[in-house]
Amino acid sequence: MDQAAKRDYPIPFELINGKVVIMSPRPRVRHAVIAGTIYRLFANHLTGKRCTALPDGVDLILDEKNHFIPDAMIVCDPDKIKDTCVEGAPDLAVEVLSPSTAKRDRGDKAKAYAKAGVRVYWIVSIETRSIEVYHNEDGRFELAQVYTYYSETDRARNAELLEEHREEEADMPYTIPVELDPGFDITLADIFEN
């Protein structure tokens with residue numbers, strides 16, 4: 001699958017179920033910062049390890065009809081990483097939602113990722129400061145957990161309510177395990193605090 005021709009186009013696009021979808025040439029700053037932060041956290045931890053973190057802008061060829069540009073991904077099979085793209089399913093894919101992409105990221109792209117064999121899929125919402133983690137179960141994604149970031153200020157504002165529901169708050173996870181490497185956890189504050 002030589003995709004060199006794809007790179008000749010001045011405007012980035014994705015191929016979703018065989019249909020060309022033009023991408024925004026410049027993401028919003030918050031989108032770029034969150035995607036970059038997730039990539040940096042992945043890359044810092046995985047340096048010198050079996051898996052490789054890849055940032056936004058790297059072409060991903062799942063199959064003939066699905067060519068995506070995830071906001072971040074982790075690939076544990078080095079043979080999938082080519083000179084100009086990744087060919088085949090990454091182990092973990094990340095999509096940061098924006099108003100123009102949310103439906104595709106949750107719909108057709110999620111289905112294509114699952115069918116291709118992506119093991120873990122993160123959908124990141126800047127608006128709700130949350131990350132939905134999906135696991136692949138026989139070619140379809142099942143929601144494993146939703147992680148929501150609450151700052152110290154948020155918690156202080158709601159201290160009385162939290163006191164009444166202390167047990168629920170204790171169950172709220174503040175770190176996300178990156179299952180591809182045992183002991184690799186990312187705190188929500190590292191992603192959303194700034």
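Please read all numbers here as calculations on a predicted model, not as lab measurements. All residue numbers in this chain count up from 1 along the given sequence. Note that these values count all heavy atoms, side chains included, but never hydrogens, waters or copies made by symmetry.
Side-chain contact between P90 and V75 is present, with at least one heavy-atom pair separated by less than 4.5 Å. By the 4.5 Å heavy-atom criterion applied to side chains, H135 and Q145 are not counted as neighbours. D91 has its side chain out of reach of V120: every pair of non-hydrogen atoms, C-beta onward, lies at least 4.5 Å apart. With a 4.5 Å cut-off on side-chain heavy atoms, F68 and L62 count as touching. Residues Y121 and L92 are not in side-chain contact: their nearest non-hydrogen atoms beyond the backbone lie 4.5 Å or more apart. Residues H67 and D59 fail the side-chain proximity criterion, which asks for heavy atoms closer than 4.5 Å.
The minimum heavy-atom distance linking I69 with G57 is given by the pair CG2-N, 3.5 Å. The nearest pair of heavy atoms linking A93 to V118 is N-CG1, 4.0 Å. Closest approach of A53 and A43 over heavy atoms only: CB-N, 3.6 Å. When all heavy atoms are compared, the tightest approach of C76 to R50 is CB-NH1, 3.2 Å. For G117 against A89, the heavy-atom pair with the smallest separation is C-CB, 3.8 Å. Nearest approach of A114 to N136, heavy atoms of both residues: O-ND2, 2.9 Å.
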In sequence, state the C-alpha distance, the side-chain angles, and the governing distance for I191 and I34, and then conclude on side-chain contact (heavy atoms from CB on, under 4.5 Å). CA-CA 6 Å; I191 296 170; I34 294 290; 4.2 Å; yes
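Here K103 contributes atom NZ and L97 contributes atom CG; the two are 14.0 Å apart, rounded to the nearest 0.5 Å. Separation of atoms OG1 (T175) and CG (L188) is listed at 7.5 Å; rounding is to 0.5 Å. Separation of atoms CZ (F42) and CE (M73) is listed at 11.5 Å; rounding is to 0.5 Å. With rounding to the nearest 0.5 Å, the separation of OH in Y149 from CD1 in I131 is 12.0 Å. Note that CG of D56 and NE2 of H31 are 6.5 Å apart. Values are rounded to the nearest 0.5 Å. To the nearest 0.5 angstrom, E132 atom CD is 6.0 Å from L143 atom CG.
By the rule that hydrophobic residues join a cluster once side-chain heavy atoms approach within less than 4.5 Å of another member, Y147 and I74 end up as members of one cluster. I186 and Y39 are not part of a single hydrophobic cluster, where members link through side-chain heavy atoms under 4.5 Å apart. Hydrophobic clustering (ILVMFWY, side-chain heavy atoms < 4.5 Å, transitive): I176 and V96 are in one cluster. Linking ILVMFWY residues whenever their side-chain heavy atoms come closer than 4.5 Å, directly or via other members, places I126 and I38 in the same cluster. When hydrophobic clusters are built by joining Ile, Leu, Val, Met, Phe, Trp and Tyr residues whose side-chain heavy atoms come closer than 4.5 Å, directly or via intermediates, L41 is grouped together with V178.
A salt bridge links K109 with D105: the closest approach of a Lys/Arg side-chain nitrogen to an acidic carboxylate oxygen falls below 4.0 angstrom. Between E179 and R119 no salt bridge is recorded (no basic side-chain N to carboxylate O distance below 4.0 Å).
Screening residues 181-190 for side chain to side chain donor-acceptor pair (under 3.5 Å), with sequence neighbours left out, gives H45-D181, K49-D181, T187-D190. Pairs of residues two or more places apart, or lying in two chains, never qualify as side chain to side chain donor-acceptor pair (under 3.5 Å) while including a residue from residues 68-81.
Here the two rings, on Y113 and Y134, have centers that are 6.0 Å apart or farther.
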